[in-house]
Every structure is written in structure tokens, then in C-alpha cells.
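Accompanying notes for the structure given below.
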Amino acid sequence: MLDKTYDPKEIEARRYPEWEQAGAFRAHPESAKPPYCIVIPPPNVTGSLHMGHALDNTLQDVLIRWRRMKGDDVLWQPGTDHAGIATQMVVVRNLEQEGIGLAVEGAARNDANKKLLNREEFLAKVWEWKAYSGGTITGQLRRLGASCDWSRERFTMDEGLSKAVLKVFVDLYKAGLIYKDLRLVNWDPKMLTAISDLEVESQEVRGHLWYFKYPLEGSDEHIVVATTRPETMLGDTGIAVHPDDPKWKHLIGKHAVLPLVGRKIRIVADEYSDPEKGSGAVKITPAHDFNDFEVGRRHKLEAINIFDKFARVNENAPEKYRGLDRFDARKKIVAEMEELGLVEKIEPHTHAVPYGDRGGVPVEPYLTEQWYADAKKLAEEPLAAARDGRVKFVPERGRDEFFRWMENIQPWCVSRQLWWGHQIPAWYGPDKKVFVAVSEDEAKVEARAHYGKDVALERDPDVLDTWFSSALWPFSTLGWPDRTPELAKYYPTSVLVTGWDILFFWVARMMMMGSYFMKEVPFRTVYLHGLVTDEKGQKMSKSKGNVIDPLELIDKYGADALRFTMTSLAASQAGRLRLAPARVEGARNFATKLWNATRFAEMNGAALPKGFDPSSARLTVNKWMLGELARANTAIDKAMTDFRLNEAANTLYEFVWGVVCDWYVELTKPILQGADGPEKDETRAVTAFVLRETVKLMHPVMPFITEELWDKLGHREEHGPLIGQPWPVPTALDAAADAEMGWLVKLISDIRSARAELNVPAGAKLKLLVIGGDATTAARLERHRAAIERLSRIEGIEAATAAPKASLQIVVGEATYALPVGEVIDLKAEGARLQKEIKKLADEVGKIDAKLGNAAFVSRAPEEVVEEQRERRSQAEQTRARLSTALERLGA
RNA sequence: GGGCGCGUAGCUCAGCGGUAGAGCACUGUCUUGACAUGGCAGGGGUCACAGGUUCAAUCCCUGUCGCGCCCA
């Protein structure tokens with residue numbers, strides 16, 4: 001006997017290891033079954049599960065478990081990401097707590113008392129941290145129920161994947177698609193590394209626009225430039241004005257003298273300068289602004305780098321500013337310009353400032369040599385694949401977003417000045433000549449060939465962008481560059497499930513690398529979902545204190561409840577998915593409901609006879625139930641196929657609660673609790689059958705409770721665990737049974753409503769008099785007598801010619817039903833109720849008449865629509881007429 | 001500034017040419033032998049606003065307003 005309520009804790013803790021140890025999650029590349037593969041978006045190895053993971057991985061697991069039951073050879077490829085910059089940051093922060101710093105060149109100014117680690121020592125600490133916390137997130141994914149093939153778990157820095165990274169870098173270099181270049185890069189002065197365009201977030205900042213007067217050479221005149229960044233004037237090498245600007249065009253070709261520095265700078269004509277903005281004249285600092293860099297190049301202006309890597313003023317500036325932080329330098333410069341009377345005015349000004357997404361400080365455009373990948377070239381094939389449908393996006397507008405990004409893509413800066421990551425396989429000779437090779441030995445061979453002798457080589461200290469290795473994930477995890485059976489069978493993978501937020505970071509780059517190295521896009525479908533936010537639509541963050549921890553929800557309501565909630569949340573077209581914790585509670589209640597329905601079945605001897613054939617059912621209620629099951633089955637398959645997982649969840653909810661529990665269980669109680677015989681046997685069998693199939697249909701969404709019930713129902717003994725069972729195939733529908741049950745449900749509902757509205761005491765048992773019922777109705781009433789009596793609290797059903805005066809009356813189909821209530825009834829209230837019903841129907845008839853009276857409607861609308869309106873009118877009118885009769889009789 | 005998405009019941013959201021739906025909340029009622037984490041019944045909506053297309057618009061088109069996201 002099942003317990004009264006479902007207790008997820010113990011069951012979840014037991015079931016998961018059981019599956020895993022039985023190898024239920026294993027892929028079988030050797031099998032003849034068709035492949036279905038999803039690669040997990042690898043979470044940060046040292047991270048922990050948040051709501052985004054819970055959503056993303058629930059959706060993947062639902063698809064995976066469904067396809068597994070459908071008979072595919074399923075591989076859900078798990079693994080973790082070394083997450084270079086994020087992990088390095090965490091470890092650095094941890095070390096700081098212990099008073100340990102990094103021995104980064106030039107950084108020691110605040111670190112006098114600190115113990116400093118060199119690269120090797122630091123990496124040892126990171127690996128230590130990984131060993132300590134690396135299992136956390138995979139353990140939490142297990143708690144969620146994720147059925148990944150853990151025997152194949154990979155890590156972006158494990159040996160095989162590192163080998164893939166090296167090969168990719170070297171191959172792309174040799175193909176000219178990776179190159180080193182000196183250009184402006186987004187520099188994070190806190191993390192002390194270059195970052196890619198994508199890692200820059202612009203934020204609106206309320207700042208100022210300073211109007212500086214730059215004296216003209218050999219004149220008392222000034223030219224006024226407006227800037228949001230006064231400190232960069234130390235690196236100004238020119239001034240740009242619009243060629244047609246009447247205010248300044250006469251100065252083109254002349255020179256100004258840069259205040260505080262004394263440098264002579266040229267005034268150039270360039271359309272970049274907007275006469276409407278600021279003063280119309282722009283100071284040009286080629287080394288510290290992307291636009292200025294372009295202007296500088298057009299006019300051959302010198303690029304003077306005035307900052308060091310900490311964004312402190314360097315030796316290229318006048319001595320008194322050296323060593324100042326950029327913001328201190330700003331203050332000092334503004335003060336001095338004011339003293340010199342060179343500040344014309346200062347306006348408040350709101351503008352976008354680029355921030356590093358990790359370091360959280362404004363990034364500095366910084367002139368350095370970095371490694372770049374030719375993203376434009378690599379994007380060609382993915383773009384073609386998206387255009388011709390080799391890769392599909394769900395929802396479709398993902399494709400447009402993808403185009404928008406890929407068609408305007410810039411070179412991808414792949415080098416990072418970090419220690420944690422894949423060190424770039426490039427070695428430099430004494431003359432800085434670079435040798436790119438998969439190993440130092442091979443680099444040496446190349447160097448020997450070049451120099452004609454052995455020389456000392458020095459390896460490039462930089463590491464690769466984290467996304468470089470995750471871009472290879474769909475094939476590196478399958479064994480590439482080796483030609484493994486896994487690679488042959490599972491690539492391209494079936495679907496990639498991820499959030500909109502990493503469409504460019506990750507999805508686009510996987511498509512680039514996959515297309516290039518595998519000659520085929522890495523997945524057939526990209527399924528994108530929104531971001532989970534709190535109830536108010538606010539992004540969850542520690543600082544706001546609105547973080548909902550999925551593990552707490554699992555503790556409180558069970559993993560299945562969380563999964564159900566995530567699944568029913570999934571389809572929103574909005575970019576954000578607001579999570580109301582009450583929904584999780586509702587999902588927990590749903591699990592309890594299913595549990596109790598099973599408990600009911602168990603208590604009533606539901607059991608599946610060997611070889612039971614559902615098509616042998618004779619009772620209308622059972623035939624109908626089996627039809628409803630088939631309907632749900634079909635709807636769920638359709639929803640899953642279309643990636644409308646919320647619809648699958650809603651279908652399950654409505655089916656289990658609204659159909660099985662509310663109606664089938666109640667309708668069959670008289671049979672199950674009545675006399676023994678074939679009807680009882682059949683109903684017990686159908687109940688057991690329906691529950692067995694229901695548990696299968698629910699398994700992808702709620703794996704734990706369903707596996708438990710499957711076992712408790714005794715199926716495990718015979719067939720093994722539920723996770724490996726074949727998915728149900730819908731059976732045929734029975735239209736006659738549907739019609740009859742529709743009638744029955746309406747009859748019972750109408751009686752219940754009338755009773756409740758007239759405040760007939762719930763316990764009062766009334767007689768049901770049938771007036772004007774035909775033979776079909778008589779037969780139906782007879783067949784369902786017990787159910788009607790029980791569900792609508794009736795005692796006795798009899799035919800009659802007219803309703804007694806004091807009775808409730810309802811109309812269902814061709815018959816009128818009277819429930820004599822004697823003194824209990826308030827005749828006025830019953831009259832009002834009937835009048836309300838009549839008015840509703842009359843309104844409907846009126847509306848339909850208006851439609852049918854419209855010649856354009858009748859002639860232009862499709863025939864079936866017109867016919868349907870006529871049919872509805874006739875039904876409504878008949879019912880209205882009968883209710884009017886009933887009302888008259890009440891008054892009589 | 002450019003692009004996209006969203007404004008539907010008190011709240012969170014489905015629906016997206018032809019009877020407006022769910023969950024939660026709310027009201028009444030019921031401790032009936034599966035379940036009070038429940039049953040039964042009910043109230044609540046000019047589907048943001050204004051035009052247009054159509055026989056017919058919550059749904060398609062245009063514009064306005066509000067909110068959000070992405071890109072500059």
C-alpha cells in the first residue's frame with residue numbers, strides 16, 4: 001500500500017543511483033538504433049546549479065528521456081567547462097582571503113606583504129580548487145534527474161579536448177584563419193587581459209561633456225573640442241572636423257598645440273566628426289578609441305599609447321601624470337585646464353560606457369598584439385547552412401538574430417592574458433619569429449629548419465578564450481580528432497538546447513568550428529529559451545537578493561515538481577521567464593494527485609491481466625477513457641516534436657487531473673466498489689492499463705515519481721525499469737463513446753450547478769425525473785445510473801410526463817430533467833436561474849442570427865463554418881425553448 | 001540611434017482568423033472510504049490604445065503609448 005502522500009526525498013536519492021548503476025543512461029554507439037544526441041552546454045566546472053541550469057537541463061532531459069523511450073540510441077553528452085576568466089577570478093579571490101596574490105609583472109604595488117604565486121604555483125591552486133569543487137555541479141545535475149551518460153563525461157581541459165584545441169589552432173593558423181595582429185582591443189584593466197567584443201557590456205552612465213579650448217599654432221585663437229574622456233588628451237595626435245562645417249573648415253590643415261603636453265597636432269577633415277554634436281570638432285586619440293583609431297589611420301596620425309595595462313598613465317605622458325590611475329588623471333587634467341582658462345564649458349552628458357562583463361570596470365581600448373580568428377571567413381558556411389535549412393532555429397526568429405550577428409561579425413580576439421586555460425601553441429625564436437605547432441618538439445623542428453640550427457624557443461604566455469574550446473564541444477567530446485565510432489554516429493547532433501544569452505558566444509562559434517572541421521553543422525536544430533527571472537521579471541542576482549535556488553526548491557517540493565514547472569514555463573516567446581514559486585508548489589500537488597490516483601487504483605484491486613488487450617473493452621466509460629489516453633498520447637508526441645514542451649506539460653496535467661482523477665476515477669467507483677463480475681474485471685484492467693501508460697507518458701517530465709509508481713504497480717518486476725520502456729503508441733478513438741460520455745459529463749455538471757446555485761444542501765439526495773427523453777437517453781441513463789446517482793447525489797431516476805411544481809429543472813439534449821426538492825426550494829431563485837440561462841441562450845441565438853442574416857457571411861464564409869453556425873443556433877434555440885417551458889411550469 | 005519581443009482575469013502566463021483559457025489568489029460549500037498538497041460550485045476579462053484588411057480580428061497589417069532584451 002502506498003503512503004498517503006508522495007515523499008520525494010528518499011525516492012529521489014534511491015532511484016537516481018539505481019538508474020546510473022544499471023547503465024540506463026548509457027549510449028550504445030554499436031547498436032543499430034537511430035542516434036539522438038544532445039551535447040550539454042558545459043557548466044563552469046567550479047560552478048553550482050542555478051535556475052538557468054535547472055531550466056536548460058530539464059528541457060534537455062525531457063527530450064532525451066522521451067527519445068530514449070521512443071527507441072532511439074540516445075547520447076546526452078555531459079561535461080564541464082574550465083571557464084578560464086571566471087574560474088581564475090574565483091581562485092584569485094579565494095587566494096586573496098588567504099593573503100596570497102599573483103606575481104603579475106607590475107602588480108606588486110599593493111601586494112608588498114603578500115605571498116606571490118608564479119604561474120605554475122597558481123595553476124596548481126586552480127587544479128586543487130577544481131578537484132575540490134569540480135563535482136558539485138554534476139552532483140546537482142544528478143539531483144535534478146539529468147540522465148546524462150556520465151561514463152562519457154568530459155572536461156574542456158582534459159587530455160583529449162586539449163589535443164583537439166591544439167590541432168584546431170594550428171590548422172586554422174596554417175590556413176591563414178588565425179593570425180597575430182596589432183590593433184586596438186578591448187582591454188580589461190582589472191583582469192589585465194584582452195577580451196572579445198562580446199564580453200563588453202555597454203552601460204548608460206551619467207557623465208559630462210567637457211569643452212576644451214586647444215590654442216591654434218601661432219595664433220591667439222582656439223579650436224574647441226568636446227570630449228567625455230579628458231584624460232585621453234595626453235594621447236591626442238590630431239583634431240577632426242567635418243569637411244563642410246562652416247564653423248571650423250577654415251582651420252583644416254592647420255595645427256593646434258595640445259595643452260599640458262605641448263605637442264603640435266594637425267587639424268584634419270573627416271566625416272566622422274558631426275557638426276551637430278558637441279563643438280563639432282573632435283580630438284583624436286588613435287591609441288585609445290576605436291573610432292579615433294580609424295580616423296588616425298585615414299590621416300596617418302600617430303597612435304600614442306598613454307596607459308599601462310592597469311590603465312595608469314605611462315611614460316609617454318608628461319612626467320607629472322605618470323602612474324596616475326585614469327580617473328585620477330582625469331580630475332587632475334580637468335583642474336589644470338580650468339586653471340589655464342582652457343575649459344569653455346562642462347555639460348552634463350549621458351553616454352554609453354563599455355564595461356568588462358567579468359571585471360566590472362570600464363574597458364580601455366588598448367593597442368596590443370593579440371591573436372585573432374578570421375570570423376568573417378569562418379561564418380560563411382554557417383550562414384549558408386542557416387539559410388538553406390540545414391540548421392533550424394526554434395523559435396524561428398533565432399535565425400534572424402543569428403544572421404544579424406554573423407553578417408556583421410568582426411575578427412574574434414582569441415588570446416587572453418590569463419594563466420588558466422589552453423596555452424597558445426606558439427613559440428618564438430630569438431628574433432620573435434613565431435612557430436605554431438601542436439607541441440614544442442614540432443615547433444623546434446620548424447625552428448631548426450628556419451634558422452638552420454637549434455635555438456632557444458619561448459612559448460607564448462597567453463591562453464585561449466574559453467569559448468575557443470567550447471566551440472569544439474560537439475565534436476571534441478565525441479573523440480575528434482580521432483575518427484571514433486561516436487563521432488561517426490552522433491555528429492551532427494540532433495538538437496542544441498540553450499538560452500538566448502549565449503547564441504553568439506557559443507552557438508555561432510560551434511557552427512563555425514563544426515562547419516570548418518567536420519564539414520557539417522554541429523546540430524540540426526537550435527532550441528532557444530529565455531532567461532529565468534524572479535516573479536517581477538527582475539534578473540536574479542546575489543546583490544538584489546532575489547535569487548531562487550533550484551536546490552532549495554528540490555528540497556522543498558521535489559525534483560519532479562521543479563522539472564514540471566520548468567517544462568511548463570519553457571515556451572514563452574518572451575525573453576524572460578518569470579518564476580513564481582507558487583507554481584512549483586502547484587506542480588508538487590500535481591505529483592501528489594498522481595500518487596493518490598495510483599493509491600486509489602491499488603486499493604481497488606486494479607491489475608493488468610496478462611496479455612490484456614485494450615481494444616477488448618466493452619464498457620462505454622472504459623472505451624472513452626482509452627480514447628482520452630490516446631488523445632493525450634498523440635498531443636504529447638506532437639508537442640514534443642514541435643518543441644512545445646509546455647504544451648506537453650499542460651496536456652499531462654489536464655489529462656491526469658481533469659480527466660482521469662476528476663471523471664474516470666469517480667465514474668468507475670460504483671463499478672469498482674460494486675459486485676464482482678466482468679464489468680469490475682474490465683474496469684480494474686483498464687484502470688491499471690491507463691495508469692501504466694500514464695506513468696510512461698509522464699516519465700520524461702517527472703522521472704522519479706513515475707519510476708517509483710511503475711515499480712509499486714509491479715511492472716518493474718516483469719519489464720525492468722520505466723526509463724527503458726517503449727513509449728506508448730496511441731490506440732483508436734471511439735466516437736460513440738465520446739459522444740455518450742460528453743452527454744453524461746454535461747448532465748452531471750448541470751445537476752451539480754443547479755443544486756449549488758439553489759443552495760440545495762450538499763447532503764440532500766434528490767430524485768431525478770426525466771421528461772421527454774428518447775430511447776437513446778433512456779439506455780444511457782440506465783447504463784450510467786449508478787454513476788449519475790453517486791456523482792450528482794441522486795436517489796432514483798424515473799421517467800415522468802411533467803415536472804412537479806417545486807423542482808429544479810435542467811435541459812440536456814432533447815430531455816428535460818426535474819429534481820423535486822419539495823419545501824427546500826426557493827421558487828423565485830429557481831425562476832431567476834432559469835431566466836439567466838434562457839437569456840444566455842437567447843443572446844447566443846441573437847448573435848448567430850445577426851451573422852446568418854449577413855448575406856456576405858453566408859456567401860463568403862466557408863460552407864462548414866456557416867453550417868456550424870446553423871447547427872449551434874438550432875441547438876441553442878431548442879434548449880432555450882425547453883427551458884422556457886420549464887420556467888412556465890414553475891410559474892404555473 | 002537600429003533591430004527584436006512582450007502588453008489577455010487581482011498575479012504569473014497559454015491561446016494567435018470563426019464559442020476567451022489554465023494555475024495561483026478570491027467567494028460559497030463539503031471532513032463523501034484515493035487525495036484538504038483535496039472535492040464540488042462560482043465570481044472576475046471593451047484580449048494596451050487608434051486606424052486598416054476581412055463575411056468575420058485577441059489573433060493579420062500600420063501607427064501610438066508602456067515594459068523588456070539585443071546590437072551600436
Side-chain angles (χ1 to χ4, degrees), chain A residues 1-6 197-198 200-202 290-291 352 354 395 397-398 400-401 403-405 408 500-501 503-504 530-531 533-539 557-558 561 565 568-604 606 644 646-647 649-650 653-654 657-658 660-662 665-666 669 672-673 748-763 790-793 844 847-848 850-862 864-866 868-869 872 875-876:
Chain A
M1 172 76 126
L2 295 172
D3 294 338
K4 200 169 165 185
T5 53
Y6 171 58
D197 298 345
L198 279 176
V200 176
E201 291 172 347
S202 64
F290 288 97
N291 288 312
R397 70 190 151 89
D400 301 329
E401 287 277 298
F403 284 150
R404 194 170 52 77
W405 168 254
N408 300 297
W500 287 98
D501 52 333
L503 178 59
F504 308 141
L531 244 60
T533 68
D534 74 4
E535 243 171 317
K536 295 178 203 133
Q538 302 268 327
K539 214 167 171 174
Y557 301 113
T565 308
S568 56
L569 215 61
S572 177
Q573 289 300 295
R576 54 183 178 176
L577 311 173
R578 301 186 217 215
L579 175 67
R583 290 185 70 147
V584 189
E585 192 182 340
R588 187 274 316 264
N589 295 353
F590 178 48
T592 307
K593 191 74 179 175
L594 175 70
W595 183 265
N596 278 302
T598 309
R599 186 160 170 264
F600 166 81
E602 188 184 42
M603 288 166 73
N604 285 278
R644 302 168 77 120
N646 68 313
E647 272 181 25
N650 292 346
Y653 191 95
E654 171 54 26
W657 203 313
V660 177
C661 294
D662 286 351
V665 164
E666 295 304 327
K669 272 180 182 171
L672 292 174
Q673 293 164 6
I748 292 169
S749 301
D750 284 2
I751 296 173
R752 284 169 167 175
S753 294
R755 290 180 58 126
E757 272 183 61
L758 269 293
N759 295 314
V760 175
R790 181 180 180 121
L791 299 194
S792 42
R793 314 227 104 201
E844 198 186 339
K847 254 188 176 142
I848 297 171
K851 259 189 191 176
L852 290 170
N854 180 351
F857 172 71
V858 179
S859 62
R860 298 222 187 166
E864 62 271 21
V865 171
V866 177
E868 189 200 329
Q869 293 294 319
R872 271 177 50 200
Q875 289 294 331

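Chain letters run A, B, ... following the sequence lines, proteins first and then strands; every chain starts at 1.
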Rounded to whole Å, the CG-P distance (A:D3 to B:A34) equals 17 Å
Quickly work out the A:W500 CH2 to B:G3 P distance and round it to whole Å.
17 Å
Atom-to-atom span, CG of A:N759 to C1' of B:U29 - whole angstrom
9 Å
In whole Å, measure the gap between the C1' atoms of B:G44 and B:A22 for me.
15 Å
Expressed in whole Å, how much space separates the P atoms belonging to B:C13 and B:A57?
29 Å
Could you tell me which non-hydrogen atom of A:E401 sits nearest to which non-hydrogen atom of A:F504, and how far apart they are?
O-CE2, 3.5 Å
Starting from the 5' end of RNA chain B, give me the residue, A:Y6 or A:F600, whose nearest nucleotide shows up first.
A:F600
Distance between C1' atoms of B:G18 and B:G2 (Å, rounded):
39 Å
Can you classify the ring geometry of A:F590 versus A:W657 as parallel (below 30°), tilted (30 to 60°) or perpendicular (above 60°)?
parallel
What is the distance from CZ of A:R599 to C1' of B:G38, rounded to the nearest Å?
12 Å
Which one, B:A36, B:A14, B:A34, comes nearest to the side chain of A:A597?
B:A34
If you check the A:R752 side chain, which of B:C4, B:A41, B:C35 turns out closest?
B:A41
May I ask you to verify if any side-chain N or O of A:N646 is less than 4.0 angstrom from the OP1 or OP2 atom of B:C13?
no
Separation of A:N596 CG from A:N589 CG (nearest 0.5 Å):
11.0 Å
Taking CZ from A:R790 and C1' from B:G39, how many angstroms apart are they, rounded to a whole number?
12 Å
A:V665 near the nucleic acid: base, sugar-phosphate alone, or nothing, with a heavy-atom cut-off under 4.0 Å?
base
When the C1' atoms of B:G15 and B:A72 are considered, how many whole Å apart are they?
36 Å
Say you pick atom C1' in B:A25 and the same atom in B:U64; how far apart are they, in whole Å?
34 Å
Under 4.5 Å between any side-chain heavy atoms of A:Q875 and A:R872, yes or no?
no
Under 4.5 Å between any side-chain heavy atoms of A:L2 and A:M603, yes or no?
no
Does A:L503 reach the side chain of A:W405, with side-chain heavy atoms less than 4.5 Å apart?
no
Determine the interatomic distance between P on B:C60 and the same-named atom on B:A14; round to the nearest Å.
15 Å
Taking atom CG of A:N854 and atom NZ of A:K851, what is their separation to the nearest 0.5 Å?
10.0 Å
Nearest-0.5 Å distance that lies between atom NZ in A:K593 and atom OH in A:Y653:
9.5 Å
Answer with base, sugar-phosphate or nothing: what part of the nucleic acid does A:T592 contact at a heavy-atom distance below 4.0 Å?
base
Rounding to an integer number of angstrom, what distance separates B:C6 and B:A48 when you compare their P atoms?
12 Å
Is a salt bridge present between A:E602 and A:R599, judged by a nitrogen-to-oxygen distance below 4.0 Å?
no
Looking at the base of B:A34, is there any donor atom on it, or on the side chain of A:K669, that sits under 3.5 Å from an acceptor on the other one?
yes
Here the distance between atom C1' of B:G28 and atom CZ of A:R755, to the nearest Å, is 15 Å
Mind checking whether A:W595 and A:T5 have side chains closer than 4.5 Å, heavy atoms only?
no
To the nearest 0.5 angstrom, please state how far the CD1 atom of A:I848 sits from the CZ atom of A:F857.
9.5 Å
Would you indicate which nucleotide in B:C40, B:A34, B:G42 comes nearest to any side-chain atom of A:E757?
B:G42
Name the nucleic acid region contacted by A:D662, choosing base, sugar-phosphate or nothing; use a 4.0 angstrom heavy-atom cut-off, strictly under.
sugar-phosphate
Rounded to the nearest angstrom, tell me the gap between atom CD1 in A:I748 and atom P in B:A41.
10 Å
Heavy-atom protein contacts under 4.0 Å, nucleotides 66-72 of chain B, coded B base, S sugar-phosphate only, - none:
-SS-SS-
A:A762 or A:L579, whichever maps to the more 5' nucleotide of RNA chain B:
A:L579
Please report the distance, rounded to the nearest Å, between CD1 in A:I848 and C1' in B:A56.
14 Å
Against the side chain of A:R397, the closest entry in B:C35, B:G5, B:A41 is B:G5
Can you confirm whether A:L594 sits close enough to A:Y6 that some side-chain heavy atom of one is under 4.5 Å from a side-chain heavy atom of the other?
no
Please determine if a side-chain N or O atom of A:W657 lies less than 4.0 Å away from the OP1 or OP2 oxygen of B:G39.
yes
One character per nucleotide, please: for nucleotides 16-21 of chain B, 5' to 3', B when the base has a protein heavy atom closer than 4.0 Å, S when only the sugar-phosphate does, - otherwise.
S-BS--
Near A:K847 NZ, under 6.0 Å, is it more than 12 heavy atoms from other residues, nucleotides or ligands?
no
Expressed as a whole number of Å, how far does the C1' atom of B:C24 sit from that of B:A9?
12 Å
In this structure, OH of A:Y557 is separated from OG1 of A:T565 (nearest 0.5 Å) by 9.5 Å
If you only use heavy atoms from C-beta on, which nucleotide in B:U12, B:A34, B:C35 is closest to the side chain of A:R583?
B:U12
Under 3.5 Å for both pairing distances: what stems, at least three Watson-Crick or G-U pairs long, include RNA chain B?
B:1-7 with B:65-71, B:10-13 with B:21-24, B:26-30 with B:38-42, B:48-52 with B:60-64
Just compare B:C24, B:A41, B:G33 and give me whichever is closest to any side-chain atom of A:Q673.
B:G33
